[in-house]
Structure formats: C-alpha cells, structure tokens
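One structure below.
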Amino acid sequence: MALGRAFFDRPVVDLAQALLGCVVVRDDPAAGRCSGLIVETEAYDGPDDRASHARFGRTPRSSIMFGPGGRAYVYLVYGMHRLLNVVAGPDGAPGAVLVRAVGHHEGVALMAARRGQPGSTSPRLAAGPGLVTQALGVGLELNGTDLTRQGPLWLAAPPREVAAALAVDGIVTGPRVGVAYAGSPWAERPWRFGWRDHPALSRPFPRSGVPGA
DNA sequence: ATAGGGATTCTC
DNA sequence: AGAATCCCTATT
C-alpha cells in the first residue's frame with residue numbers, strides 16, 4: 001500500500017523526518033523488485049534556501065520541486081551520480097527531501113548485483129545518496145514518477161516492527177552534507193536526519209541531537 | 001554560444 | 001588530497 005498524497009503535504013523539514021523508516025520500492029519489470037528502508041534524509045527548501053536547487057527559482061531542472069508532493073525528483077551531480085529526492089507538497093510550495101541512505105529490506109541480492117558486488121550482503125550497499133540510486137536502479141528516466149501509486153518507484157509506510165525499532169533507537173540530526181557553498185546560516189541548518197546508529201548511515205553525524213533541539 | 005561548478009564516490 | 005564527468009545555470 002503506497003503512501004497517499006496527504007502524507008507529503010507538509011513542510012519539507014517535517015517530511016524529511018517522517019520519511020525515516022519508510023520503504024522505497026523499486027519495481028523493474030525486467031530485473032524484479034527490491035526495496036530499502038530509508039535511514040537518512042536531508043531537507044531542501046524553497047528559493048530562500050541557498051543550498052536548494054530552488055534557489056534559482058523555477059528552472060527546467062527544478063520545476064518538479066515546485067509541483068505537487070509525492071513525486072520523485074532525480075538529477076545528476078558531478079556528471080556521474082544520480083540522486084533521488086521526494087518532493088514535498090503542497091503544489092506551488094517548492095521543497096524536496098534527498099534520500100541519502102537506505103537499509104536492507106527486499107532484494108538484497110539484486111541491489112548487490114547492481115552495485116557490482118554480487119553476493120555481498122553488506123549493510124552498507126546503499127549508504128550514500130549516489131549508492132542508493134545505483135543499488136535501486138534509479139535513473140533519470142524516473143524523474144517525476146508518482147510515488148503515491150504502485151509503479152516502477154513508490155513509497156510505503158514503515159512496517160510495524162520498523163517503526164517500533166526506530167522509535168527505540170531515535171533520530172539524530174546534523175548539518176547537510178556538501179553544501180558549504182550555501183554559506184551561513186544555510187550550510188549550518190540541522191536539516192540532515194538519520195536513524196541513530198543505523199549501520200547504513202552514509203557517514204557519521206558530527207553531533208548527536210534530536211529534532212528541534 | 002560558452003564558462004563555471006556541483007546535494008558524490010573511489011583511489012592514491 | 002584529487003580525479004572522473006556532464007548537465008544545469010548564468011553570462012556574454
């Protein structure tokens with residue numbers, strides 16, 4: 001059962017936290033299904049956020065960020081890595097959440113094969129935003145995909161036991177990665193969220209904390 | 001039409 | 001610490 005549109009209609013920083021524990025499902029007709037648990041996210045807000053692609057206003061690339069929530073925003077960085085984002089709603093309010101890391105769920109073997117590491121069961125197969133798309137087989141052709149309906153790429157609510165485990169472990173926050181160019185205060189905003197001590201985190205959080213602290 | 005740069009990852 | 005690599009945005 002896919003998460004409905006209403007789930008995404010909230011401030012992007014709230015959405016970034018709400019997505020932790022959710023399941024990102026990749027259904028490829030040829031390769032089959034794999035899915036992962038979202039364990040790390042970052043929020044990118046509207047034009048005021050100097051780290052966000054929306055800082056240039058509505059451009060061809062960022063236009064998806066200005067649309068309704070619950071759609072995928074996939075783009076290329078550094079000429080080689082594809083990054084997956086979840087657009088926040090409502091329509092007209094730009095914002096997107098970068099999926100920085102996912103943990104194992106379904107189709108680990110398929111994900112390992114896509115990573116070029118057949119047979120690996122490392123929990124860190126998708127520990128990093130570029131690795132997430134590589135492991136899940138997410139390409140630019142999926143930009144704009146409606147994540148609220150079962151299809152090639154969609155999102156599901158956290159399984160019961162996952163939600164329970166996350167509640168026990170807690171959420172850590174920190175500054176977003178690789179956005180020094182944005183300057184103060186945007187580079188320091190604690191808009192990176194992670195499942196505390198999860199093995200699939202992309203890299204250590206410099207300081208521990210709780211949302212809102 | 002062209003130049004500057006990046007929400008990364010891997011290797012030296 | 002540095003390269004790989006190309007699309008996007010801004011500027012001329």
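Basis for what follows: all heavy atoms, side chains included, without hydrogens, waters or symmetry-related copies. Throughout, protein chains are lettered first and strands after them, A, B, ... in sequence-line order, and every chain is numbered starting at 1. Since the structure is predicted, the reported quantities are computational estimates derived from the model, not experimental observations.
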Quiz item: Quantified in whole Å, what is the C1' atom distance between nucleotide B:dG5 and nucleotide C:dG2?
Solution: 16 Å
Self-check item: Options C:dT9, B:dT8, C:dC6, nucleotide nearest the side-chain atoms of A:Leu76
Solution: C:dC6
Quiz item: Between A:Arg100 and A:Ser202, does any side-chain donor sit less than 3.5 Å from a side-chain acceptor?
Solution: yes
Exercise. Report the residue (A:Val97 or A:Gln134) whose heavy-atom-nearest nucleotide on DNA chain B is the more 5′ of the two.
Key: A:Val97
Practice problem: Using a strict cut-off of less than 4.0 Å between a Lys/Arg side-chain nitrogen and an Asp/Glu carboxylate oxygen, indicate whether A:Asp146 and A:Arg71 qualify as a salt bridge. | Solution: no
Exercise. Among C:dT9, B:dC10, B:dA7, find the nucleotide with the atom closest to the side chain of A:Arg115.
Key: B:dC10
Quiz item: Does the base of B:dA7 carry an N or O that pairs as donor and acceptor with the side chain of A:His53 under 3.5 Å?
Solution: yes
Self-check item: Is_stacked (A:Tyr44, B:dA7) at 5.5 Å, 30 deg
Solution: yes
Quiz item: salt bridge (Lys or Arg N to Asp or Glu O under 4.0 Å) with A:Glu40: which of A:Arg203, A:Arg192, A:Arg196?
Solution: A:Arg192
Quiz item: Where the side chain of A:Met80 is concerned, which of C:dC7, B:dT8, C:dC8 is the nearest nucleotide?
Solution: B:dT8
Quiz item: Paired with C:dA10 by Watson-Crick or G-U wobble geometry, both distances under 3.5 Å: which nucleotide is it?
Solution: B:dT2
Exercise. Please confirm whether A:Tyr44 and A:His53 have ring centers closer than 6.0 angstrom.
Key: no
Quiz item: Under 4.0 Å between a side-chain N/O of A:Thr59 and OP1 or OP2 of C:dC8, yes or no?
Solution: no
